[in-house]
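Below: one structure, written as structure tokens.
For this chain, numbers begin at 1 and follow the sequence in order. Only this structure's heavy atoms are used, side chains among them; waters, hydrogens and symmetry mates stay out.
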Amino acid sequence: MSEKILICEDEENIVSFLKAELEYEGFATDVAYDGEEAMQKFDTEYALVLLDIMLPKKNGLECLREIRKISETVPVLILTARKEVYDKVAFLSAGADDYVTKPFDTMELVARIKRHIKRSRPSENFIINAEAYSAKINGKELHLTKTEFEILNFLHSNTDKVKTRDEIINAVFGDFYGESNIVDANIKNIRAKIAQITDAHLIETVRGKGYVIRHV
């Protein structure tokens with residue numbers, strides 16, 4: 001089944017162009033020509049929303065805020081002819097994932113759409129349950145110590161955000177006056193246990209900064 005994108009745009013020539021390009025790339029599309037229609041059609045089954053700022057009846061910012069009340073994870077990519085920094089900051093602060101100004105390059109837009117959809121997908125191979133202190137890769141349990149689990153869970157809950165050793169220590173140990181290499185030692189142990197199950201490099205070292213788990 002094709003992934004579906006909701007196009008919220010009132011200019012018919014742009015809608016026609018976007019539909020043709022996205023359907024050529026294998027996506028299904030729905031269209032809303034005003035903000036009220038956009039919110040009537042929106043649900044969490046959409047893989048991504050393309051949202052114009054200047055929509056009739058209900059503007060793009062109002063729609064974005066309503067979308068984020070329903071879903072924090074469906075990617076929303078803003079389309080606009082306006083280039084003011086204030087607009088960009090306002091939409092990104094309200095929960096937009098990206099901001100593209102018209103006229104846009106088609107190949108770049110499609111690449112951004114695919115990237116955001118890919119990043120929004122939960123990992124199929126790595127599952128972590130904080131309440132049960134359980135972490136599994138490919139259905140196999142990772143047998144972690146409490147500290148190892150809490151470090152892994154902290155990185156996972158901050159996916160795509162590089163966390164320094166000090167941030168990890170503060171989150172996992174609280175007030176701690178030992179050496180920061182305790183993080184490195186635990187990361188080494190976690191990686192060794194992951195390596196028993198898969199060759200995937202789940203935890204990435206960012207030289208000079210810290211560690212990160214990225215969407216795959």
Side-chain angles (χ1 to χ4, degrees), residues 1-126 156-162 204 206 212-216:
M1 183 176 179
S2 299
E3 290 174 303
K4 189 182 292 185
I5 292 174
L6 178 60
I7 302 169
C8 307
E9 168 65 62
D10 64 326
E11 295 185 37
E12 291 190 9
N13 60 329
I14 294 179
V15 169
S16 177
F17 172 76
L18 287 172
K19 277 180 63 67
E21 291 296 326
L22 292 172
E23 289 171 6
Y24 176 79
E25 293 289 336
F27 295 104
T29 59
D30 281 342
V31 177
Y33 289 96
D34 62 64
E36 289 183 359
E37 185 182 10
M39 294 317 305
Q40 289 169 359
K41 289 187 173 181
F42 176 76
D43 63 43
T44 56
E45 298 302 312
Y46 284 105
L48 182 137
V49 177
L50 289 174
L51 182 62
D52 184 43
I53 284 183
M54 302 300 291
L55 289 172
K57 297 185 180 179
K58 186 174 289 189
N59 66 44
L61 188 57
E62 291 175 301
C63 291
L64 176 60
R65 287 170 176 161
E66 290 190 28
I67 287 170
R68 283 294 171 248
K69 289 178 182 178
I70 300 168
S71 172
E72 295 182 356
T73 57
V74 173
V76 178
L77 195 156
I78 302 301
L79 296 175
T80 180
R82 297 170 62 171
K83 300 181 180 181
E84 289 84 351
V85 173
Y86 170 81
D87 289 323
K88 184 173 183 179
V89 171
F91 275 86
L92 293 176
S93 298
D97 295 274
D98 209 343
Y99 190 97
V100 177
T101 54
K102 304 172 187 175
F104 46 79
D105 179 83
T106 306
M107 292 180 63
E108 179 185 356
L109 178 63
V110 170
R112 290 193 189 197
I113 287 169
K114 289 180 177 179
R115 176 167 60 89
H116 285 296
I117 290 175
K118 182 178 180 180
R119 291 182 65 183
S120 70
R121 293 180 185 137
S123 172
E124 296 179 357
N125 298 318
F126 177 47
H156 179 259
S157 65
N158 288 280
T159 297
D160 288 327
K161 297 177 182 178
V162 178
E204 177 183 331
V206 180
V212 63
I213 290 176
R214 302 191 191 277
H215 274 298
V216 294

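Put simply, OH on Tyr46 and CD1 on Ile7 are 10.0 Å apart, with the number rounded to the nearest 0.5 Å. How far CD of Glu23 is from CD of Glu21: 10.5 Å, rounded to the nearest 0.5 Å. Of the inter-residue distances, the one linking Leu48 atom CG with Ile117 atom CD1 reads 5.0 Å to the nearest 0.5 angstrom. Between Leu51 atom CG and Phe91 atom CZ the span is 6.5 Å, to the nearest 0.5 Å. Atom CG of Leu22 is separated from atom OG1 of Thr29 by 7.0 Å, given to the nearest 0.5 angstrom. Between the OH atom in Tyr33 and the CD atom in Glu9 there is a gap of 9.5 Å [rounded to 0.5 Å].
Atom NZ of Lys41 is surrounded by more than 12 heavy atoms from other residues, nucleotides or ligands within 6.0 Å. Within a 6.0 Å sphere centred on NZ of Lys57, heavy atoms belonging to other residues, nucleotides or ligands number 12 at most.
Nearest heavy-atom pair, Asp52 versus Leu55, reported as atom, atom and distance to 0.1 Å: O-CG, 3.5 Å. Here the shortest heavy-atom pairing between Cys8 and Val49 reads SG-CG1, 3.9 Å. Across all their heavy atoms, Ala94 and Leu64 have their closest contact at CB-CD2, 3.7 Å. Smallest separation of non-hydrogen atoms from Ala38 and Leu6: O-CD2, 3.9 Å. The minimum heavy-atom distance linking Ser71 with Val74 is given by the pair OG-N, 3.1 Å.
Looking only at side-chain heavy atoms (C-beta outward), Phe27 and Leu18 stay at 4.5 Å or farther from each other. At a threshold of 4.5 Å between non-hydrogen side-chain atoms, the residues Leu77 and Leu109 count as touching. Looking at heavy atoms from C-beta onward, Ile113 lies in side-chain contact with Leu50 at the 4.5 angstrom threshold.
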One pair to check against side chain to side chain contact (heavy atoms under 4.5 Å, CB included): Thr80 and Met54. What are the steps and the verdict?
CA-CA 8 Å; Thr80 180; Met54 302 300 291; 5.5 Å; no
Given the rule in the side chain to side chain contact (heavy atoms under 4.5 Å, CB included) test, do Ile67 and Met39 qualify, once you have shown the distances and angles that lead to the verdict?
CA-CA 8 Å; Ile67 287 170; Met39 294 317 305; 3.9 Å; yes
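No donor-acceptor distance shorter than 3.5 angstrom exists from the side chain of Glu66 to the backbone of Cys63, with no hydrogens or angles considered. Between the side chain of Asn158 and the backbone N or O of Lys161, no donor-acceptor pair lies under 3.5 Å.
Note on ring orientation: taking the six-membered ring where Trp is involved, the planes of His156 and Phe126 are perpendicular (angle over 60°, cut-offs 30° and 60°).
With salt bridges taken as basic N to acidic carboxylate O contacts below 4.0 Å, one links Asp98 and Arg112. Using a 4.0 Å cut-off between charged side-chain N and carboxylate O, Asp97 and Arg68 make a salt bridge.
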